[in-house]
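In this chain, numbering begins with 1 at the start of the sequence shown. Excluded from the calculations below are hydrogen atoms, water molecules and symmetry mates; all remaining heavy atoms, backbone and side chain alike, are included.
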Amino acid sequence: MRYVSPNLRLLFSPPLRPTLSVPLFISKPNPKPFSFSTILASSSSKRPRSFSNLSRRSNSTFKDRKGGGRDMTMEETTGQSKDSSSSFGFNKRRAEGRDKSDRPKKNPQLKERKLNPTNTIAYVQILGTGMDTQDTSPSVLLFFDKQRFIFNAGEGLQRFCTEHKVKLSKIDHIFLSRVCSETAGGLSGLLLTLAGMGEEGYSVKIWGPSDLNFLVGAMKSFIPHATMVHTQSFGQSPISDAAENVTAPIKASDPIVLVKDEVVKISAILLQPHCLEQSQIKPGEMSVLYICELPELMGKFDPKRAAALGLKAGPKYSELQHGKSVKSDRLDIMVHPADVMDPPVPGPIVILVDCPTESHLQELLSIECLNGYYTDVSSHLTESTKMVNCVIHLSPASVVSSPNYQKWMKKFGSAQHIMAGHGKKTLEVPILKSSARVTSRLNYLWPQFFPAPGFLSLQHLSSSEGPILKICESIPAENLLKFTLRPYAQLGLDRSHIPTPMGQSQVIDELHLEIPEIADAAQHVREFWQELKESREVLPTSNDNGVMIEEPWLTEDTLPGCLENIRRDDLEIVLLGTGSSQPSKYRNVSSVYINLFSKGSLLLDCGEGTLGQLKRRYGVDGADKAIRNLKCVWISHIHADHHTGLARVLALRRDLLKGVPHEPLLVIGPRQLKRYLDAYQRLEDLDMQFLDCRSTTKASWDTFVRDGASNNDGSSPQSPRHSNAKNESMQEVNQTLFAKGSRMQSYLRQPGSPVDHSAAYPFLKSLKKMLGEAGLEALISFPVVHCPQAFGIVLEAAERVSSVGKVIPGWKIVYSGDTRPCPELVDACRGATVLIHEATFEDGLVDEAIARNHSTTKEAIEVGNSAGAYRIVLTHFSQRYPKIPVFDETHMHKTCIAFDMMSINIADLPVLPKVLPYLKLLFRNEVAVDESDDILDALV
């Protein structure tokens, strides 16, 4: 046998053998937390910090954490797995969707603020969402002492505000320059977060062109109506059943006053494609130009001039300052305010313009009501001409660079132009610095599982930009760039809040100072991989005798048969989002990218910001390629943190494949998702087909195969779908749903709701064809216990034939979605190569896990162990674990903790559990803080 170095032997050192002495699914209430007393790297004089303080948090209750809510009803049931008996708890009412009455009644209201007309501070600020990824429109903050306004709410806005401590609860109004996924992708998540804060919840008023009605109608399929009552659309609606609150001007290009108080006046001017009649305008084509005008400030009172005109100090001074004329005390004259006051200071004016196409530009050039704001030499200046101080351009570079647009910009004279459309300059400047810092540290320590971000070099980017005609001066927008409006003495640009760029070398230098042993650990990892690469020794596989077997426990020197002669371009699993509930500083919400390389790719769940995460992982061009090659998107359930990034992904794919022959993308999800997508497609075409998860269960696939064998398309009376036996069986399932002693069924909750196989058959045929092209044998959805219509998924690869004719079984991936441990999940996981399982809570919070129908870390691991899964990847962590969750080290022999951007190549699975000690070293000095506190800070 060939020599194996100590380093390589350590990689494949025996894991701790699992034990079956503890009943499956029963967690210890207060497990002993791991410590850092054993680290692979060299020891340090500094004593490692224990995570014992985290385990003490387990004493808190669900009611204590959420505040004011009633304790949720928890009911016990028993499920039988094939090889063992196990008991587990779950929240029956939540699983059946009957828990709404258990939650506190909330009626989010608009905030009433006491305005400050003198506003000592006022500014506009660029919120750089999407500036580093070009996946969404940047937002703009208009700030006053007592009021806040935000323009556009693309994906990532909530996460951005948490990172940069922009208090969302202070926002009174959100204005959309267009209604589409690029400008409004973060709106639904933001509304849900605000509505859940405090006793009554917070609300904002949302403004947009008449297309806003389509977006609101779509979001109502998964957002409580009370959360969205404060919406106001304006302009003529392209449909006849427009909402009653639509405000339309006499002429399409006339300004519409939206907000007017003693602090600011905000008007909107509609931009539509040139030469189109109102009836020809499609939803989503309307754009808006916003004008923000601050009132003028009264000039300074001059007491010396007043005295010279015979006035005595007293009440008459006040009357003059309030605009009233008075009679002189010593002279026979009337004294007017202009005699003793300095000239008034004109109120600053800011214009935000979003001109998406050349056709909109032609309309923009013809708008007459803007003439009063033009101050260049060629314009006809009058006393009523208003001077614009700042113009923020959200228009794309292709429009901004045109000569006509540049000439239009020049009409504003000396106004400061800020170009906030997507520019190449900002691509390598991370907007989410906290997340980027953690990613850089992980990449330094273990680059094989944590690749460097995929952004292109600046040299390449600069060479790709064509020449841009610049007639007037302008500057590119930068993250947190301000333009001060008041105090007047500071009017102009303020760069003091722009984050300082931090390079990779600086991050690593700080890491070396913080954890000196990390350099040795990184060198250790490099030696591991170098020796692994050089070694030609092949570990024995589990089926060298050619017999396909499923082993419940795979030993340290045994690989599953599917990994024999595996290629690195067979499969890569990329964890794009590993947090739960809402985007946070270090973790985005759920999404798993299944990269099949030349055979395409799939997305499992698609939470808000998924597209941005893809671009951070693969770069702008690489992500575009990934979107083009998507074969399917699968959504586990209707909760917002699992699907609100879908519209943005579909819209980009539509644009990328425009003019190229292609098939609509297949989206598989719960039936509630179809209602949302159907409503949203009234706003913009998503170029997709929908298939209910229930049509991809094993039973549905079996029916499809039987009907195919009998040349039956499922629509005839002879089809099993129409048989009385089938309907009776379905009714029986409904009547025994969650009955004591039955298997948990989280679907078919409503009697008489069978799957329409006849409608699904064409999509199943397309799916079957797609699976074959992707080298997959099966895609099977199975019900789990979380909420109505919640599912997990099994992906199985097709068999391979080696060069010597040996049949090699295909790999198997199981993704749990959100769930409690349940027999359906255990059955689906049997023999899995990789189980990706949610682990929302630590072991000591099992009561909260039951109340929310989530899993603890130990429960997730026990599911994988009981089913003989080769590797377990834990994800979907609560925000109370900002970086690394709490876990019991003794259960982690085949398990790894997921991080955003973690990329697991199937060829590296044998090494995967060895990452854990290095993660413990990397995060040993981190203070364990509930990250929901950061989110709360950003909100209130």
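Inter-residue side-chain proximity for T696 and L764 is flagged as met; some heavy-atom pair is nearer than 4.5 Å. Proximity of I897 to P885: side-chain heavy atoms (C-beta onward) are separated by under 4.5 Å at one or more points. Residues I518 and Y444 form a side-chain contact, since some pair of their non-hydrogen atoms from C-beta on lies under 4.5 Å apart. Using a 4.5 Å cut-off on side-chain heavy atoms (C-beta onward), V834 and L571 make no contact. Residues D818 and S636 have side chains not in contact (no heavy-atom distance under 4.5 Å, counting atoms from C-beta outward). Looking at heavy atoms from C-beta onward, T895 lies in side-chain contact with M892 at the 4.5 angstrom threshold. In this structure the side chain of T644 never reaches within 4.5 angstrom of the side chain of V589, judged on heavy atoms. Side-chain contact between V785 and L825 is absent, with no heavy atoms from C-beta onward closer than 4.5 Å.
Side chain of S816 to backbone of E838: a donor-acceptor contact under 3.5 angstrom is found. Side-chain N or O atoms of S581 include none that pairs as donor or acceptor with a backbone N or O of G579 at under 3.5 Å. No donor-acceptor pair under 3.5 Å is formed between the side chain of T819 and the backbone N or O of S855. Formation of a donor-acceptor pair under 3.5 Å by the T833 side chain with backbone atoms of K812 is found in this model. R800 contributes no side-chain N or O that, together with a main-chain N or O of G810, makes up a donor-acceptor pair within less than 3.5 Å. Side chain of R653 to main chain of R628: no donor-acceptor pair is present (N/O by atom type, distance under 3.5 Å, no hydrogens or angles). Of the possible donor and acceptor atoms, one in the side chain of N588 sits under 3.5 Å from a partner among the backbone N and O of E608. When atom types are taken as modelled, the side chain of R159 and the backbone of P583 share no donor-acceptor pair closer than 3.5 angstrom. Remark: side-chain polar atoms of E824 are not paired, donor with acceptor, to backbone N or O of G792 under 3.5 angstrom. Distance alone, capped at 3.5 Å, is enough to place a donor-acceptor pair between the D843 side chain and the K858 backbone.
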Inset, instruction - Please test Q613 against S591 for side chain to side chain contact (heavy atoms under 4.5 Å, CB included), starting from the C-alpha separation and ending with a verdict. - result: CA-CA 9 Å; Q613 294 290 86; S591 185; over 6 Å; no
Inset, instruction - Begin with the C-alpha distance, continue with both residues' side-chain angles, and end with the deciding distance and a verdict on side chain to side chain contact (heavy atoms under 4.5 Å, CB included) for R441 and F450. - result: CA-CA 9 Å; R441 288 179 164 215; F450 304 98; over 6 Å; no
Inset, instruction - Might you work through the side chain to side chain contact (heavy atoms under 4.5 Å, CB included) test for L575 and I904, ending with a clear yes or no? - result: CA-CA 8 Å; L575 286 303; I904 304 171; 4.1 Å; yes
Inset, instruction - Check step by step if salt bridge (Lys or Arg N to Asp or Glu O under 4.0 Å) holds for D702 and K698. - result: CA-CA 6 Å; D702 290 344; K698 188 176 186 304; 3.3 Å; yes
Inset, instruction - Could you please spell out the steps behind the side chain to side chain contact (heavy atoms under 4.5 Å, CB included) verdict for R616 and T133? - result: CA-CA 7 Å; R616 292 183 181 94; T133 54; 3.6 Å; yes
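Nearest heavy atoms, T697 versus I780: C-CG2, 4.1 Å. In this structure, H643 and I635 approach most closely via the heavy-atom pair CB-CG2, 3.8 Å. Contact between V863 and C829 at its shortest, heavy atoms only, is CG1-SG, 4.3 Å. Taking all atoms of both residues into account, the shortest heavy-atom contact from C606 to V633 is CB-CG1, 4.5 Å. In terms of heavy-atom proximity, K894 sits nearest to Y870 at CB-O, 3.6 Å. Nearest heavy-atom pair, S695 versus S700, reported as atom, atom and distance to 0.1 Å: O-CB, 3.3 Å.
Inspection of the T840 and R852 side chains reveals no N or O donor paired with an N or O acceptor under 3.5 Å. A donor-acceptor pair shorter than 3.5 Å cannot be found between the side chains of N595 and S601.
Here H837 contributes atom NE2 and T857 contributes atom OG1; the two are 10.5 Å apart, rounded to the nearest 0.5 Å. Distance OG/S584 to CZ/F877: 12.0 Å, rounded to 0.5 Å. One finds the CG atom of L445 at 9.5 Å from the CZ atom of R526 (value rounded to the nearest 0.5 Å). How far CZ of R437 is from CG of L511: 8.0 Å, rounded to the nearest 0.5 Å. With rounding to the nearest 0.5 angstrom, the CG atom of L532 is 13.0 Å from the CD atom of E527. Atom CG of D908 is separated from atom CG of L563 by 10.5 Å, given to the nearest 0.5 angstrom.
Within a 6.0 Å radius of CZ in R568, more than 12 heavy atoms belonging to other residues, nucleotides or ligands are found.
Under the 30°/60° scheme for interplanar angles, the aromatic rings of W446 and F528 are found to be tilted. Below 30°, between 30° and 60°, or above 60°: for H639 and H637 the angle between ring planes is above 60°, a perpendicular geometry.
If you look at F899 and F923, their ring centroids are closer than 6.0 Å. In this structure, the ring of Y618 has its center less than 6.0 angstrom from the ring center of Y593. For Y815 and H876, the ring centers are positioned 6.0 Å apart or more.
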